[in-house]
Student: 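First, the structure itself, so that you have it in front of you.
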Amino acid sequence: MGGMNFAFHCREKPRPTGKKVAVIGAGPAGLAAAGCLVCQGHEVHVYDKLPEPGGLMLFGIPEFRIPIYRVREGCERLEKAFGVKYFPRTKVCFGNPKENGDEFVEREIDFEEIVRNYDAVLIATGTWNAYVPTIPGSDLEGVFPALEYLFRIKSAKLGYMDWSKVPPVEGKKVIVIGAGHTAVDAALESVNLGAEKVYLSYRRTIHEAPAGAYEINLLQQRGVKWLERTMPVKIIGENERVRAIELVKTRLSEPDETGRRRPVPIEGSNFQIDVDYVVCAVGQMPTPPFSKETGIALDRKGRIVVDSRHMTSREGVFAAGDVVLGPSKVGKAVKDGLYAAESIHYWLMEVKE
């Protein structure tokens, strides 16, 4: 298999239109959009806070799912054959709080400056803030959001971070909370790093697991202990470090109006497991490159609100990928980036003449 082909709409660079587009975020949505836009003849500059383009495909998703060389070859082709300009280690922000992946940032650019200097802007900054359940002990040393855990491992594998920054799980006991792809990846990486015991705790059953029963069964074959219908109650520490976790068993309620069955704790079913690390994979939040003051509308989950053209509430500023959809799969983000790029092209040709 060769590299990813982000510019599959054309064989070679077409005649330039004279329009310049800024893409903020070099993950799947941003790169797919960049590939589509260069095929229309627009000049594309891609800004990203990480040391090289690829987003979570490089810095979060394990190599067995997406080989590093495929992402790198695809990014390189955009640059060499189509003239896409990358601005790595660059954070576009508007009074932005800190989030995962910020350790590589070397310069910051004001969001308004980008808007002023380009004919159109696409925001594709993804979901870089992870939830950690607010339970007693969640601030102990040894508790990690899964995204940060995977990010450190991949950054070390890519040679950008020292292995001393990666939690030393070899010979230790790790519990991962959650059952989506991020949880599965965190459990597998723990096994690969030589953890003595890995648990995966989920409040519903294997049939409701977002990653699917197939993935969970594969984990069990690798020795991961699957704890379904369990929920963390508190993390127990000793000298400020994780020593154990207390879980409670759950039962599923009758389906609610959405058809989902809620997990309800069973009184008196609490039990403890000795663990050294707790990795929480219970959801990620969108990270737009601005706070609310820019006048760009966000919904109550912090996702950027867009119309049918992928335009935000601000003319000429578009958004795509997980920052609009919430955490999704790579394919969905790519598709969203492509649709947004088509809309940007039509808008540039009609409105910006």
Side-chain angles (χ1 to χ4, degrees), residues 60-62 64-65 127 130-138 143-150 169 172-192 195-236 242 244-285 301 322 325-332:
I61 296 171
F64 61 83
R65 284 199 200 280
T127 47
Y131 293 105
V132 169
T134 45
I135 54 171
S138 60
V143 179
F144 290 93
L147 187 63
E148 186 189 332
Y149 181 67
L150 291 167
V169 299
K172 304 281 193 215
K173 299 182 183 77
V174 180
I175 187 164
V176 180
I177 313 294
H181 279 100
T182 310
V184 166
D185 290 349
L188 263 176
E189 288 286 33
S190 304
V191 171
N192 294 340
E196 179 201 329
K197 188 84 193 142
V198 181
Y199 300 92
L200 190 62
S201 158
Y202 182 51
R203 55 199 186 149
R204 294 185 168 91
T205 74
I206 195 164
H207 306 295
E208 287 92 9
Y214 176 76
E215 293 265 354
I216 306 294
N217 286 326
L218 282 183
L219 280 183
Q220 293 186 80
Q221 285 169 26
R222 293 288 305 274
V224 173
K225 180 107 172 76
W226 168 244
L227 304 169
E228 68 176 19
R229 296 213 318 260
T230 58
M231 240 159 94
V233 179
K234 65 177 177 191
I235 301 165
I236 299 144
V242 172
I245 189 166
E246 185 176 313
L247 301 161
V248 64
K249 291 182 177 166
T250 63
R251 61 177 176 79
L252 295 180
S253 68
E254 289 305 307
D256 61 14
E257 60 278 8
T258 64
R260 274 204 101 172
R261 299 168 66 191
R262 255 178 343 103
V264 182
I266 299 168
E267 221 171 297
S269 67
N270 297 37
F271 64 102
Q272 279 186 19
I273 300 174
D274 287 345
V275 289
D276 305 287
Y277 291 95
V278 178
V279 180
C280 305
V282 290
Q284 285 143 234
M285 291 167 275
K301 288 186 172 173
D322 289 8
L325 304 165
S328 68
K329 292 183 180 166
V330 168
K332 203 172 170 188

Student: Salt bridge (charged side-chain N to carboxylate O under 4.0 Å, His left out): which pairs involve residues 180-191, sequence neighbours left out?
Tutor: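 Salt bridge (charged side-chain N to carboxylate O under 4.0 Å, His left out) check on residues 180-191 returns R65-D185, K157-E189.
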Student: What residues, two or more places apart in sequence or in another chain, satisfy side-chain contact (heavy atoms from CB on, under 4.5 Å) together with Y131?
Tutor: V282, M285
Student: Taking side-chain hydrogen bond (donor to acceptor under 3.5 Å, both in side chains) as the definition, give me every residue that meets it alongside S201, ordered by chain and number, with sequence neighbours left out.
Tutor: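 side-chain hydrogen bond (donor to acceptor under 3.5 Å, both in side chains) list for S201, sorted by chain: T230.
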Student: What residues, two or more places apart in sequence or in another chain, satisfy side-chain hydrogen bond (donor to acceptor under 3.5 Å, both in side chains) together with T258?
Tutor: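 So T258 forms a side-chain hydrogen bond (donor to acceptor under 3.5 Å, both in side chains) with D256.
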Student: Could you tell me the separation between the SG atom of C280 and the OH atom of Y149, rounded to the nearest 0.5 Å?
Tutor: 12.0 Å
Student: Should W226 and I206 count as side-chain neighbours, where that means a heavy-atom distance under 4.5 Å?
Tutor: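 Yes, at least one pair of side-chain atoms sits under 4.5 Å.
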Student: For residues G137 and V143, report the shortest heavy-atom separation together with the two atoms involved.
Tutor: O-CG2, 3.8 Å
Student: For residues 173-184, dump all side-chain donor-acceptor pairs below 3.5 Å to protein atoms at least two apart in sequence or in another chain.
Tutor:
none

Student: Provide the closest heavy-atom pair for D276 versus V242 in the form atom of the first, atom of the second, distance.
Tutor: O-CB, 3.6 Å
Student: In Å, rounded to the nearest 0.5 Å, how long is the span from NZ of K197 to OG of S190?
Tutor: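 That separation rounds to 12.5 Å.
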Student: Determine yes or no for a side-chain-to-main-chain donor-acceptor pair under 3.5 angstrom, with D322 supplying the side chain and S328 the backbone.
Tutor: yes
Student: Please round to the nearest 0.5 Å and tell me the distance separating atom CG of L188 and atom CZ of F64.
Tutor: 4.5 Å
Student: Roughly how far, to the nearest 0.5 Å, is the CZ atom of R251 from the CZ atom of R204?
Tutor: 13.5 Å
Student: Dump the intermediate steps for side-chain contact (heavy atoms from CB on, under 4.5 Å) on L219 and R222, then the final yes or no.
Tutor: CA-CA 5 Å; L219 280 183; R222 293 288 305 274; 5.5 Å; no
Student: So which heavy atom on P263 is nearest to which on M231, and how close?
Tutor: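 Where P263 meets M231 most closely, the heavy atoms are CB-SD, 4.4 Å.
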Student: Enter the distance from I245:CD1 to I235:CD1 here, rounded to the nearest 0.5 Å.
Tutor: 5.0 Å
Student: What pairs with K234 under salt bridge (Lys or Arg N to Asp or Glu O under 4.0 Å), at least two apart in sequence or on another chain?
Tutor: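 If we apply the salt bridge (Lys or Arg N to Asp or Glu O under 4.0 Å) test to K234, skipping adjacent residues, the hits are E246.
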Student: For I135 and P232, work out which heavy atoms get closest and say how close.
Tutor: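 The pair with the smallest heavy-atom distance is CD1-CB, 3.8 Å.
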Student: Under a 4.5 Å cut-off applied to non-hydrogen side-chain atoms, are L200 and K225 in contact?
Tutor: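 Not touching, per the 4.5 Å side-chain cut-off.
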Student: Looking only at heavy atoms, which two atoms of V233 and L247 are closest? And how far apart?
Tutor: CG2-C, 4.0 Å
Student: Residues two or more places apart in sequence or in another chain: which of them pass side-chain contact (heavy atoms from CB on, under 4.5 Å) with T205?
Tutor: H207, E208, E228, R229, L252
Student: Could you check whether any side-chain N or O of S269 sits under 3.5 Å from a backbone N or O of I266, counting only pairs where one atom can act as donor and the other as acceptor?
Tutor: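 Yes, because the side chain of S269 sits within donor-acceptor range (under 3.5 Å) of the backbone of I266.
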Student: To the nearest 0.5 Å, how far apart are CZ in R203 and CG in L227?
Tutor: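 R203 atom CZ to L227 atom CG measures 15.5 Å (nearest 0.5 Å).
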Student: List in chain and number order the residues that pass side-chain hydrogen bond (donor to acceptor under 3.5 Å, both in side chains) with Y277, two or more places apart in sequence or in another chain; answer none if no residue qualifies.
Tutor: none
Student: Any chance you could lay out the side-chain contact (heavy atoms from CB on, under 4.5 Å) test for I273 and F271, step after step, and finish with the verdict?
Tutor: CA-CA 7 Å; I273 300 174; F271 64 102; 3.9 Å; yes
